[in-house]
Amino acid sequence: MDEKLQELEQAIVEAEEAKRQFVKENPNGTGDKQERMRLYNEVERARKALREYKRMNPHLL
């Protein structure tokens, strides 16, 4: 498997874990709203980077 592809997939896993941990510690919308949005945006950025990489490199899949 392509190393860059693995890195992008790992970035998604790490971002989702950080988001889950924050939500677990701050249920029902409590906690810093800016931090919550930053974590959610980080997950979306990681997913978007993976989609873009796959689109630009279809021969690797």
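For the atom pair CZ of R45 and CD of E42, the computed distance is 4.5 Å after rounding to the nearest 0.5 Å. Of the inter-residue distances, the one linking L50 atom CG with K4 atom NZ reads 10.5 Å to the nearest 0.5 angstrom. Going from atom CG of N41 over to atom NZ of K19 covers 11.0 Å, rounded to the nearest 0.5 Å. The CD atom of E3 sits 11.0 Å away from atom CG of L8, with the distance rounded to the nearest 0.5 Å.
Residue I12 is grouped with residue L5 when hydrophobic side chains (ILVMFWY) are merged at heavy-atom distances under 4.5 angstrom, including chains of intermediate members.
Formation of a donor-acceptor pair under 3.5 Å by the N57 side chain with backbone atoms of H59 is not found in this model. A distance-only check finds no donor-acceptor pair linking the side chain of R36 to the backbone of F22 [under 3.5 Å].
Applying the salt bridge (Lys or Arg N to Asp or Glu O under 4.0 Å) rule to R47 yields the partners E16, E44; only residues at least two apart in sequence or on another chain are considered. Among residues two or more places apart in sequence or in another chain, the salt bridge (Lys or Arg N to Asp or Glu O under 4.0 Å) test is passed with R51 by none.
Residues E14 and Q10 have side chains that bring a donor and an acceptor to within less than 3.5 angstrom of each other.
Residue pairs meeting the salt bridge (charged side-chain N to carboxylate O under 4.0 Å, His left out) criterion with at least one member in residues 52-61, sequence neighbours excluded, are E52-R55.
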